[in-house]
Amino acid sequence: MSAASTDGQAGLRRVAYYKGCLASLSAKELDISTRALAPRVGLELDELEAVTCCGAGDIHEAEPDYYLHLNARILANAEAAKVDTLMTVCNVCTLNLRQANHILQNDEALRERVNDNLAAVGVPRYGGGIEVRHFLWLIAEGEGYELLKQTAHRGLKGLRVAPFYGCQILRPSKLLGFEDPDRPWSLEAIIEACGGEAVDYPAKIKCCGFPIIQAREETALGELIQPIEQAMEAGADAMVTPCPLCHLSLDAWQQKLEASTGRRFDMPILHLSQLIGVAAGFEESELRFKRHVVSVEPVIDKLQA
Amino acid sequence: VSHPLPPAPGKSTMEIALKIWRFDGRTGERALKTYEVEAPDWATLLDVLDIIKDRVDGTLSYRKSCRMMICGSCGMRMDGGAVLACKTRMWDIAQSGHVPVISAMGNLPIVKDLVVDMTPFWDKMRAVQPYLQPGYQIPPDGKEHRISQERMNVVHKESLCINCGCCVSECNSMEADPDFLGPQALAKGWRFVGDPREGHSVERLEDLNSEHGIWDCTRCYFCQERCPKGVDPRDAIAKLGAESIEQGIDRDMGAKHAKWFVKSAETTGWLRETELVPKTQGIVSSIKQMKFAMRLAKHGKVPLPIPPHVAENVNQARALRDLVEHQGRQGALGIVQGERALARLEHHTEGGSHQGQGSRVQADVTPGAEPTRKETDRGEPTDDAAGRPA
């Protein structure tokens, strides 16, 4: 199903949509709000169905050759869909796919070997013609940004929003490269375009702890507390993130932080697509705030006041 | 970001200002002081510090030696990010009018001004036994031990490390767990595990799979971003993980976690999210998490594993794994094979982060700029000093 058919608008830019694991499972609200938003910012999403997990850095660390092949298969499927851009909605997917893509594009002998393997199991060969871009990058500048400003007509009434970038959309910058990894600006630009006020705090570019939240919970919580605490001290009404793993960490594990510190944070955490959706006047059916562990109601109340 | 070339050496000078966090380890006193000097157009951060020390304030302390990115002495932070002072040209910054904040590296106790106590750093390096262990084949009398370039390429990047500490400075895991071996020691660990002459690779992997080893890395990629020599420590840690799993050393929860992603990819294609906790932590620990899980489940955060969410044509993903398993690129070689292509990426250059698109909102605290330290450090920071600069 393409977004264009539901929107009925011509002139949308068609991109392949790689949803990733979490947006299919525990973060369905990310997928739902992304689909609702895409046509309004000029994008027609062509969802890839015959693809797998990118490995989330875990397969890169467990069986790296297999990681390369799984990602080559995703890229090959995107290329077969006759698009030039593969859109992601997750930091970790973005880095894993961009890393594999760069390797395949710049080492012909290796790409040939991988392609022979793909062909042997019935996957189309990958010619290297795909660029992997995060949804954030597609709407932080250019035409997407102009459309975003029109779409966000309801505004955020001066809501104080703390941008949280997370790691793998910024670093390593030689693989990501969209913006200065130490002074990123894209989330701030979007918050302001939506009529909100971006609050600044040092930990916005640091780690949420998610990759080790199961294997090393204490270390992970020691990381997680920094952005939440700093955003709260900076007077944020909510935090926004472009990554569903950061979201899960900030939203669901916040209660563990509260238990271990004896403090209350009650910090609502929004996916990027939800924040813009609120400014665009989306209904709950398109936002699905009920799927959050920390209630988003204070944000809605403040906007309706 | 553009990098206009500075004029030819010696042709002109520049006015340059720095704010430096001064710190006295004996008294705990600290102050952010501004210095303005004239410097040659080719000056590096280290040159500017030399001019300040020579002409303005002889009490300013910092480490230096070679001035050519080899000795690793002059690691420090500029605007919160670790750099080698001798590698950092100041022309672009001076032209932009930006006044950078210079402070000591993070994750290590400060002795004075920009000088940190490297003892914890050297302790961790020592712990990985940074020398070849016996057990390798000794060549017959009169013969050399010859090794192909290809086999040495496996540890090429890690051999470039100059022990400057820039990777350790911003390691997010080490901030939360000061005992974490960290990016430098682990990259050094791989430099020996992967060396074709090493006799104790498997024993080393066993050691590096300890509580504060490989699987304590949170993949924040700060080490990769900061390293001035292109070592890419995070990739070295991934090589250690891959090689451990290849050798069957997979008792750590981190290794089990990683293996579950492989299992998920080849069975359903997508992560089998709900089973991840018991597969990582074991059944007993998972039961202890029940209350937490129940609250998550109320919000749809614990998707039912039945029926499984299966990707189209997942048999292809399974067949791919069977195929690549026998092609000789198992373990760390799967990462090494991509390094030739990755080397084509220009390494992040210093100075570039201060032009073009900066943060639209000016930080009232530059990340990491203020010398705040944990309780294990010398000189307890006071609350006001830990907050915003005056």
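Chain naming here is simple, since letters A, B, ... match the order of the sequence lines and numbering starts at 1 in each.
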Side-chain heavy atoms of B:Phe222 within contact of A:Lys206, under 4.5 Å: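 A side-chain contact exists here, since the closest heavy-atom pair is under 4.5 Å.
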Flag side-chain contact, heavy atom, 4.5 Å: A:Asp65 against B:Leu333: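 Counting from C-beta outward, A:Asp65 and B:Leu333 never come under 4.5 Å.
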Please classify the contact of [X] with chain A as side chain, backbone, both or neither, using a heavy-atom distance under 4.5 Å.
X        : result
B:Phe180 : neither
B:Glu339 : neither
B:Arg318 : backbone
B:Leu323 : side chain
B:Leu276 : both
B:His309 : side chain

Top residue by heavy-atom pair count (under 4.5 Å) with chain B, among [options]?
options                                : value
A:Glu218, A:Gln168, A:Arg113, A:His292 : A:Arg113
A:Gly222, A:Ala27, A:Cys207            : A:Cys207
A:Thr219, A:Leu95, A:Leu221            : A:Thr219

Rounded distance [0.5 Å steps], CG in A:Leu68 versus CZ in B:Arg329: 9.5 Å
Test ring pair (Phe, Tyr, Trp, His ring centres under 6.0 Å) applied to A:Tyr67 - qualifying residues, sequence neighbours left out: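 Result, ring pair (Phe, Tyr, Trp, His ring centres under 6.0 Å) vs A:Tyr67: A:His60.
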Contact residues of residues 239-247 of chain B (partner chain A; heavy-atom separation under 4.5 angstrom):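 Residues in range: B:Gly241, B:Ala242, B:Ile245.
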Polar side chain donor-acceptor pair, B:Lys291 to A:Gln255, under 3.5 angstrom: no
Residues A:Asn117 and B:Gln327: side-chain donor-acceptor under 3.5 angstrom: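 A:Asn117 vs B:Gln327: donor-acceptor pair found between side chains.
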